[in-house]
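Remarks on the structure that follows.
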Amino acid sequence: QVQLVESGGGLVQAGGSLRLSCAASGRTFSSYVMGWFRQAPGKEREFVATINWSGSSTNYADSVKGRFTISRDNARNTVYLQMNSLKPEDTAVYYCAATYGRSWNVSPLAYDSWGQGTQVTVSS
């Protein structure tokens with residue numbers, strides 16, 4: 001497994017932007033598929049974005065497509081989530097996750113390493 005630490009959350013007005021970072025330590029970062037998930041109060045954890053081992057392929061939830069961008073820097077052992085045009089419904093705790101492999105995956109069940117989460121609050 002790999003250890004993950006998220007940062008970059010906060011309070012932002014609707015229409016604003018935030019960039020989340022997830023720093024990984026442990027085994028070779030490029031051996032892992034990375035994903036971002038979120039969980040709002042009273043709701044189940046949901047998929048947001050995922051990226052393959054090299055960064056050449058990504059996938060997004062329909063609700064964030066065109067507004068969020070996932071990227072990774074394997075030299076820095078870090079994955080990012082750039083969030084633009086934020087909406088109040090994006091308010092949630094955002095989690096970074098990792099699973100050993102090469103191709104991206106949208107199911108939270110596929111991931112075996114999780115960060116502690118970072119709160120994102122979007123005010124209207």
Side-chain angles (χ1 to χ4, degrees):
Q1 290 188 339
V2 62
Q3 290 74 47
L4 304 171
V5 178
E6 301 101 333
S7 61
L11 173 64
V12 64
Q13 290 188 335
S17 298
L18 282 174
R19 187 175 84 154
L20 305 183
S21 298
C22 173
S25 61
R27 298 193 177 182
T28 306
F29 181 65
S30 60
S31 298
Y32 289 83
V33 167
M34 302 300 296
W36 285 97
F37 296 81
R38 67 187 182 187
Q39 188 166 18
K43 294 187 177 182
E44 293 187 353
R45 191 169 298 189
E46 66 174 1
F47 164 73
V48 176
T50 180
I51 189 166
N52 73 337
W53 71 279
S54 66
S56 63
S57 181
T58 59
N59 194 24
Y60 298 90
D62 288 342
S63 58
V64 307
K65 202 169 293 184
R67 300 188 297 123
F68 291 11
T69 302
I70 187 172
S71 62
R72 66 189 297 160
D73 184 340
N74 286 345
R76 297 179 181 272
N77 286 7
T78 303
V79 64
Y80 305 97
L81 186 67
Q82 178 66 44
M83 305 186 295
N84 299 328
S85 302
L86 283 161
K87 304 175 181 180
E89 51 263 44
D90 294 319
T91 295
V93 177
Y94 283 71
Y95 297 90
C96 172
T99 184
Y100 186 82
R102 299 178 75 83
S103 299
W104 51 255
N105 199 307
V106 304
S107 171
L109 299 177
Y111 292 81
D112 50 19
S113 297
W114 292 83
Q116 83 288 352
T118 185
Q119 177 71 46
V120 171
T121 303
V122 184
S123 63
S124 58

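This is a predicted model, so every value here is computed, not measured.
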Looking only at non-hydrogen atoms, find the nearest pair between [X] and [Y] and report the distance.
X: Phe47; Y: Asn59; result: CZ-O, 3.5 Å
X: Pro88; Y: Ala14; result: CD-CB, 4.1 Å
X: Thr58; Y: Tyr60; result: OG1-CE1, 3.5 Å
X: Gln1; Y: Gln3; result: O-NE2, 4.1 Å
X: Asn74; Y: Ser30; result: ND2-CB, 3.5 Å

Do side-chain atoms of [X] reach the backbone of [Y] as a donor and acceptor pair under 3.5 angstrom?
X: Ser113; Y: Val2; answer: yes
X: Thr50; Y: Val106; answer: no
X: Thr118; Y: Gly9; answer: yes

Looking at side-chain heavy atoms only, is the closest gap between [X] and [Y] below 4.5 Å?
X: Met83; Y: Val120; answer: yes
X: Ile70; Y: Val79; answer: yes
X: Ser7; Y: Arg19; answer: no

Gap between atom [atom2] of [Y] and atom [atom1] of [X] - 0.5 Å precision:
X: Phe29; Y: Leu4; atom1: CZ; atom2: CG; answer: 8.0 Å
X: Arg38; Y: Leu81; atom1: CZ; atom2: CG; answer: 9.5 Å
X: Leu20; Y: Thr78; atom1: CG; atom2: OG1; answer: 12.5 Å
X: Tyr32; Y: Trp53; atom1: OH; atom2: CH2; answer: 15.0 Å
X: Thr121; Y: Gln13; atom1: OG1; atom2: CD; answer: 13.0 Å

hydrophobic_cluster_shared for Val93 and Leu86, side chain cutoff 4.5 Å: no

Gln116 atom CD: more than 12 heavy-atom contacts under 6.0 Å: yes

So, using salt bridge (Lys or Arg N to Asp or Glu O under 4.0 Å) as the criterion, who are the partners of [X] when residues are at least two apart?
X: Lys43; answer: none
X: Arg76; answer: Asp73
X: Arg72; answer: none
X: Arg67; answer: Asp90

Donor-acceptor pair between Ser17 and Asn84 side chains, under 3.5 angstrom: yes

Pairs touching residues 105-124 that satisfy ring-ring contact (aromatic ring centres under 6.0 Å, His included), sequence neighbours left out: Phe37-Tyr111, Phe37-Trp114

Other ILVMFWY residues reachable from Val5 by side-chain steps of under 4.5 Å: none

Pair listing, side chain to side chain donor-acceptor pair (under 3.5 Å) test, anchored in residues 97-108, at least two apart: Ser57-Trp104

In chain order, what residues pass the side-chain hydrogen bond (donor to acceptor under 3.5 Å, both in side chains) check against [X], with sequence neighbours excluded?
X: Ser56; value: Asn52, Ser54
X: Glu89; value: none
X: Tyr80; value: none

Tyr95 six-ring face occupied by Arg45 cation (under 6.0 Å, within 45°): yes

Residue pairs fulfilling salt bridge (charged side-chain N to carboxylate O under 4.0 Å, His left out) with at least one residue in residues 2-17, sequence neighbours excluded: none

Pairs satisfying disulfide bond (SG atoms under 2.5 Å apart), at least one member in residues 80-124, at least two apart: Cys22-Cys96

